Engineer: 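Quick one: the structure is below, questions incoming.
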Amino acid sequence: MKRAGFTTVWLPVALLLPQLSIIAIFFYWPAGWAVQSSFYLQDPFGFGSTFVGLDNYTDLGRNTEYLRIAWFTVIYTCLVTFFSLAIALLLAVKADKVIRGARTYRTLLMWVYAVAPPVAGFMGIMFFDQRTGPITDLFQTVGSDFKLGVNYTDTATAMVIAAVWKQIPVNFIFFLSGLQSIPKSVNEAAIIDNRSATGRFWQVTFPLLAPTTFFLLIINITYALFDTFGIIDTLLKGEPGNNPMTLVYKVFLDGFRGNDLGGSSAQSVILMVLVLILTVFQFRLIERRIHYT
Amino acid sequence: MKLLNLSAAALVTSFVGQAAFAETEITWWHAMGGQLGETVNEVAEKFNASQDDYKIIPVFKGSYEETLTSGIAAFRAGEHPNVIQVFDAGAATVIGAKGATIPVQDLLADNGIAFDINDYIAGVRYFYADSDGKMIGMPFNSSTPIMYYNAGALAKAGVEPPKTWEEFQSVTAPALKDAGYIPLSQSHLPWIFTENFFSRHNLQFASNNNGYDGADTQIMVDNPAIKAHFTALTEWKDKGLFEWYGTGWGDNAKPFEDGEVAMWLGSSGSFGGLLKKDLGFEFSATMLPYWEAVTTEPTQTFIGGAALFAMSGKSEEENKATAEFFKFLTNADTQYFWHQATGYVPITEAAYEVAKADGHYEKFPAAEVGIEQLTLPAGDFTRGYRMGFYVQIRDVMNREYGRILTGETSVDDAFATIQEEANQLLERFAKTQG
């Protein structure tokens, strides 16, 4: 048996170099800086700085507001991930069954994907505006006094809805292609064993979709944690006040608005560690139970 | 071929042109968007047209916070502008970083331009100065919170604009409510109802002479007088005498502009914008009310808005250009133009005299309210405040005030929290200066 390979070491190294240098320059280097500056309190202009050890971290641990934001981030991520996956799956299952006008129907479901997060946030503002928003009016007809930007829960609701709405098309595309790649014969065989469509879905289709779902789960958690920044920023209009926010928004506020480089660096290091743990956890625990076809 | 010749000729002329008029170019980063931004461009054009040696290029960098952050990032990369506009809450950051800027007083003196701090109106002299009273930043768009009112609404309710909060709660607000209006909204709780609350009543806002005398400052916001004010505010809100539409500036201004709210606390710098919006009702303004229960001799308020700082690390030629621009900016005609177009107060006595002589205040009495308020008698604590990480301190205030007004927390708890978190931030800031 002949193994294909390189004759010298240098060629593969040279081929890898562009990729590696990009990772080093744009990821490891700034990450290293973040870790380093998280141990300092420094003047924003770069004149003075004091080594404070772990103070930036312990200050965060004592700050009740930071803990409150962390807790909100957890709930927010769960809600956004769950609803954007669940609704997309429902839509994909239904779209999969449509035969007449399928293409139009699918395109209509997908095109929200092209909307940029800040635009999604802006649309959220228009729909949920305290005084002129149609959804606010809708809430009012059922007796709820919805106040975006005033009431904590109301703002949180608007954030979740805007974030879910924006993410559904991505999930929809993946779920639909996942469903279409399930062989017809499997379904036909299942029909003989189980006459209940719901039963068949949970026992046959859903397990076969598991690789897609697992992939989307990771994508959606990352989306909720990080990529909803644009939506949150637009909905808060740059003035957080008493409104909810996620951890990544807090990093931005303290670092870019408040010029607290040390504190903000400590927060980004915490987020880096969080993502690391999450990734390891997901691959170790969940991937084992999934069968790739 | 013809085209090529033409462009070659153009190239040559442009080189010659540059050689003939060796203008020194300087850049100016600012945070004045929309209508204000256009006025800034006009000021720059006027300066460029006034002489041939220097050219200033204004660049809009977003909000006040964004402008300061871009300036800091650019400074660290050595690509900063000559002039940067920094707002009141960022003053401690930029002044604390000694070496980032050239004190405006030194810059003018070094370039042979006469400077006398007494030429400036009393209220703006020392806010952007160091503890010895040396002016560090050149006050630019200086504003102060005043109370705008819908004249028609007040006439309908049969009331006069209130002078004190006692008058507001017992006479003005109930009458306005009966006339079908929401009596009051405001656009910036930390600025109007906190910083200027302390100034208007001459109360100490922070230790170390409101923070001017050192970085180891402690905030003194947990004060019975301001707690009583916020308690009153929640009562007014419950009775429908006051409404709060969130933390955003515009969210609270809009209901006034739409005629739903009868009186609105905003900035004297909002005047130009309101005038151009053609609100469909006659509006005017009066001074920020005070509590007679706290003081019978109310004092002047702080200047808000922002100042221009000359950044260091530039050539002498460019610094000279910056100094000339500051000289141009502070002359009476430029100031009067700026004052008329925007509503920001003129910063020199001379400009104020020009505006008076021109009959500006007979036409628009509201335009004079800000400057009158800034020239009221001073007190021990009316000069200003200097606290680091103040942007975050304001965020903490906004958060806790929002919680008070939505009933999530009590006034006592909120002020205790603000005091505690603000002092932690101040302690952290003191370490950055080490």
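Bear in mind that the values here come from a model prediction, so they are computed numbers and not experimental data. Each chain gets a letter, A, B and so on, in the order its sequence line appears, and its residues count up from 1.
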Engineer: Decide, yes or no, whether a salt bridge links A:R131 with B:E257 under the criterion of side-chain N to carboxylate O below 4.0 Å.
Structural biologist: no

Engineer: Considering the options B:N398, B:L405, B:T247, B:I404, which one meets the side-chain contact (heavy atoms from CB on, under 4.5 Å) requirement together with A:N242?
Structural biologist: B:T247

Engineer: Classify the angle between the aromatic ring planes of B:F75 and A:F47 as parallel (below 30°), tilted (30 to 60°) or perpendicular (above 60°).
Structural biologist: tilted

Engineer: Give, as side chain, backbone, both or neither, the part of A:D59 having an atom under 4.5 angstrom from any heavy atom of chain B.
Structural biologist: side chain

Engineer: Does a sphere of radius 6.0 Å around CZ in A:F229 hold more than 12 heavy atoms from other residues, nucleotides or ligands, not counting ones at 6.0 Å or beyond?
Structural biologist: yes

Engineer: Can you tell me which portion of B:T406 sits under 4.5 Å from chain A's heavy atoms? Options are side chain, backbone, both or neither.
Structural biologist: side chain

Engineer: Measure across B:A97 and A:F45 and return the closest heavy-atom pair with its distance rounded to 0.1 Å.
Structural biologist: CB-CD1, 3.3 Å

Engineer: Using heavy-atom distances under 4.5 Å, tell me whether A:Q130 contacts chain B through its side chain, its backbone, both, or neither.
Structural biologist: side chain

Engineer: Of all heavy-atom pairs between B:D395 and A:E239, which one has the smallest distance, and what is that distance?
Structural biologist: OD1-OE1, 4.4 Å

Engineer: Can you tell whether the side chains of A:R257 and B:E66 come within less than 4.0 Å, N to carboxylate O?
Structural biologist: no

Engineer: Can you check whether A:P44's main-chain N or O pairs, donor with acceptor, with B:R76's side chain at less than 3.5 Å?
Structural biologist: yes

Engineer: Do A:N243 and B:R399 have side-chain atoms, one donor and one acceptor, less than 3.5 Å apart?
Structural biologist: no

Engineer: Would you indicate whether B:K98, at its atom NZ, is surrounded by more than 12 heavy atoms from other residues, nucleotides or ligands within a distance under 6.0 Å?
Structural biologist: no

Engineer: At a heavy-atom separation under 4.5 Å, does A:L236 approach chain B through its side chain, its backbone, both, or neither?
Structural biologist: neither

Engineer: Assess whether a salt bridge exists between A:R62 and B:E420, defined as any Lys/Arg side-chain N lying under 4.0 Å from an Asp/Glu carboxylate O.
Structural biologist: no

Engineer: Whether the side chain of A:T50 engages the backbone of B:K431 through a donor-acceptor N/O pair (distance < 3.5 Å, no angle test) should be reported.
Structural biologist: yes

Engineer: Can you tell me if A:F51 has over 12 outside heavy atoms packed within less than 6.0 Å of its CZ?
Structural biologist: yes

